[in-house]
J.: 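Here it is, the structure in full.
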Amino acid sequence: MPQEAIRAALGAVLEGLGASADDVRLERPRDPSHGDLSTNIALALAGRLHRKPREVAEEIAGRLDLAAAGVESVEVAGPGFLNFRLSSGTVASVLDEILRANAGYGRSETGGGHTVMVEFVSANPTGPLHLGHGRQAALGDAIASLLEWTGWKVHREYYYNDAGRQMDLLARSVRARYRQRLGRDESLPPDGYRGDYVAEVAEDLVAEVGEQFLKDDSGDALDQIRKFAVRILRAEQDRDLSDFRVHFDEYFLESSLYEEGLVDGTVEQLRSTGLVYEKDGATWLKTTEFGDQKDRVMIRTSGLPTYFLPDVAYHKNKWDRGFHRVVNVQGSDHHGTMARVLSGVRALGLPEGYPQYVLHQMVRVERDGQEVKFSKRAGSGVTLRELYEEVGVDVARYFFQMRKPDAQLLFDLDMALDQSDKNPVYKVQYAHARMCSIFAKAGVNAEKLEGGSSDLDVLGADLERDLLKRLREFPATIERAAASMSPHVLCDYLEQTAGAANAWYHSGNPTRSPELAVLVDDSVLRSARLSLARAVQIVLRNGLTVLGIDAPQRLVRATTEAVAS
RNA sequence: GCGCCCGUAGCUCAAUUGGAUAGAGCGUCUGGCUACGGACCAGGAGGUUGGGGGUUCGAGUCCCUCCGGGCGCACCA
């Protein structure tokens, strides 16, 4: 690892300047003319030492002993950067590492095997999942996966409200449709659920119980209808998520918090903090103590808790279950709840930074430059299933992941349906398939390829150096994406790496420049380039795997009819 | 009105968390190609990073302010 060697060499010199190797940040400069690796340590130190940055840089460069680091040259550039140029053998040495680690390349132990819970989707079972849930499902799953790749033990959890007002409204909506279906004149509740799926549930109810609830207005009957509807809709959500390749370790029911007395327990604990008071017949929590805009009611005049109380109890429960790091993925329309939950959790004495939130913004879908708005079945919006049945799961997942969560997402259906390199998903998948096709053409078993050739320094072409340097950055990219909980960082990396791989591949067009082809006659070159192709294939495949997207060995273009169906 | 998020090429978005000449894709323009998989390739043009001020060796990034957009501001969830 040249980074470590350079870092060590720098460390030796820096001791005399009151700094250490830990202060050094080595980066790949954007501009290749600035070398292969670069550090700003002299700039950082200059202020502290009250000296000119370039002078400090010159001094460090003069004293560096880089004999063992595979460095060809060091130069001082710009305001005081130290730029290192590596020998091509050193640059190519990453291939050994990649081929050896194979499916493990990119993994790290940063998380130390500690436990983290990622809670996401958490939609109430009042209807089909829509696009916002889709973004959250893809995003949450990718974040969970990134944490796994960086050494965390991840628990995926889904929380849902199976009681309360919305559920009651759902039950009454289903009851109305059910009675209409049986020929009785009954209208939907004023803010009832209007989507066609409600009638579908009602149809199932008729098949199940016949006319049993036709005239029964009792609370018990309504309760049974609610349970029936929840069962049907939960099953549908499970199918939608499972077909979207998103799976949970645990489904947590809000009602269980009440059944196990956790809500009452939380009230008691909060009271003991002295931050609880009575006003206007209700019970309030001083959330302003923790930066909320106003205090919040936790128990209404009626004696019933507001929703925010079980939320706090739930987060106490997560902690007590041993999850001392929790990531909540939510739509940014819920950001108001965040401050309240955090206040409640702080009041209970849980530490700063627990839980963490990733808030994502809304999704719009466009076709031919026009926004797609309506789904008759869902009553409003577009359902997740409608989307991925049209564009495919790989494309849908990738599109949801490729943008930073806290910006609005424009889902461009025309690009999503395109099957050329214009579509970033196919661009990456196709680069992967291309590498696989080279192995097939060469008649080699990719799994048997080894990087241990001592002749890797033949990979000296600009496109090869560029590609090699990108491959080396894969583990750091995973780290960065995981640390910032931003899958789009990985998407960006994969697109650029696929682009670099494509450029390399195309430069070796056998008709025009056969000497640059992977499968050249020269056996040393051929073997080194096959190793490079293999490394590219491994990195692209691992990256796609993190995102939950297939890395097929060959792509078969769908026909127009198949796309339409 | 208050709070959170966002504002970067014609469009959709990046920018290694304060680094060097702000990068990709789409679109556009100009060339090229009998193919290690044509689901093409190479290259060009395109920018006062919403405006203004500040912090420092250095700002798209941090601070202040103004403008514009999204979301949230219940004893609803």
J.: Within the 4.0 Å heavy-atom criterion, would you say A:A339 contacts the bases, only the backbone, or no part of the nucleic acid?
T.: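 Answer is nothing: A:A339 stays at 4.0 Å or more from every strand.
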J.: Taking pairing as Watson-Crick or G-U wobble with both contacts under 3.5 Å, can you name the mate of B:A42, or confirm there isn't one?
T.: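 In the structure as shown, B:A42 has B:U30 as its Watson-Crick or wobble partner.
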J.: Are OP1 or OP2 of B:C5 and a side-chain N or O of A:K404 less than 4.0 angstrom apart?
T.: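 No, outside the criterion.
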J.: May I ask you to check whether A:R234 and A:Y160 show a side-chain donor-acceptor distance below 3.5 Å?
T.: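 Distance-only check passes for A:R234 and A:Y160.
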J.: On a plain distance test, is the side chain of A:T301 in donor-acceptor contact with the base of B:C75 below 3.5 Å?
T.: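 Side chain to base: pair found, below 3.5 Å.
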J.: Between B:G27 and B:C11, how far apart are the two C1' atoms, rounded to whole Å?
T.: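 Their C1' atoms lie roughly 8 Å apart.
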J.: Using a 4.0 Å heavy-atom cut-off across all strands, classify A:F308 as base, sugar-phosphate, or nothing.
T.: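 Nothing, no nucleic acid heavy atom in range.
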J.: Should B:C4 form a Watson-Crick or G-U wobble pair with both distances under 3.5 Å, which nucleotide is its partner?
T.: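 Across any shown strand, B:C4 pairs with B:G70.
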J.: Quote, to the nearest angstrom, the C1' distance that separates B:C26 from B:G46.
T.: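 Rounded to whole Å, the distance is 14 Å.
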J.: Can you see if the side chain of A:H488 gets near the phosphate of B:A15 - specifically, an N or O under 4.0 Å from OP1 or OP2?
T.: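 Yes, A:H488 has a side-chain N/O under 4.0 Å of OP1/OP2 on B:A15.
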J.: For B:A35, which nucleotide is its Watson-Crick or G-U wobble mate, given both distances must be under 3.5 Å?
T.: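 Looking at the geometry, B:A35 pairs with no nucleotide.
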J.: Look at A:R470 together with A:E495 and state whether they make a salt bridge at an N to O cut-off of under 4.0 Å.
T.: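 A salt bridge is absent here (no side-chain N lies under 4.0 Å from a carboxylate O).
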J.: Categorize A:Q408 for me: base, sugar-phosphate, or nothing, with a 4.0 angstrom heavy-atom threshold over every strand shown.
T.: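 Sugar-phosphate, backbone atoms only, no base.
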J.: Can you tell me how far C1' in B:G23 sits from the matching atom in B:C63, rounded to whole Å?
T.: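 Going atom to atom, C1' in each nucleotide, I get 27 Å.
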J.: Roughly how many Å apart are B:G60 and B:U21, using the P atom of each and rounding to a whole number?
T.: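 Here B:U21 and B:G60 have their P atoms 10 Å from each other.
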J.: Do we see a donor-acceptor contact under 3.5 Å between the side chains of A:N161 and A:Y307?
T.: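 No, because no side-chain N or O of A:N161 sits under 3.5 Å from a partner of the opposite role on A:Y307.
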J.: Check every atom of B:U12, B:A77, B:U17 against the side chain of A:R403 and return the nucleotide holding the closest atom.
T.: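 For the A:R403 side chain, the nearest candidate turns out to be B:U12.
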J.: Tell which nucleotide pairs with B:A15, taking only Watson-Crick or G-U wobble pairs whose two distances are both under 3.5 angstrom.
T.: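 Check on B:A15: unpaired, no WC or wobble geometry under 3.5 Å.
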J.: Using the P atom as the point on both nucleotides, what is the distance between B:C64 and B:A74, in whole Å?
T.: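 One P to the other, the span is 26 Å.
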J.: Nucleotides 19-22 of chain B: which of its N/O atoms have a protein N/O under 3.5 Å away?
T.:
unit_1, atom_1, unit_2, atom_2, d
B:G19, N7, A:N40, ND2, 2.9
B:A20, OP2, A:R30, NE, 3.4
B:A20, OP2, A:R30, NH2, 3.0
B:A20, N6, A:S38, OG, 2.6
B:A20, N6, A:N83, OD1, 2.8
B:A20, N1, A:N83, OD1, 3.3
B:A20, N1, A:N83, ND2, 3.0

J.: Regarding A:R226 and A:D223, does a basic nitrogen lie under 4.0 Å from an acidic carboxylate oxygen?
T.: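 Looking at A:R226 and A:D223, the cut-off is met.
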J.: Answer yes when A:E289 and A:R346 have at least one side-chain N-carboxylate O distance shorter than 4.0 Å, and no when they do not.
T.: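 No, this pair does not count.
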J.: Between B:G25, B:G37, B:C4, which nucleotide has the shortest distance from any of its atoms to the side chain of A:H335?
T.: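 Nearest to the side-chain atoms of A:H335, counting from C-beta on, is B:C4.
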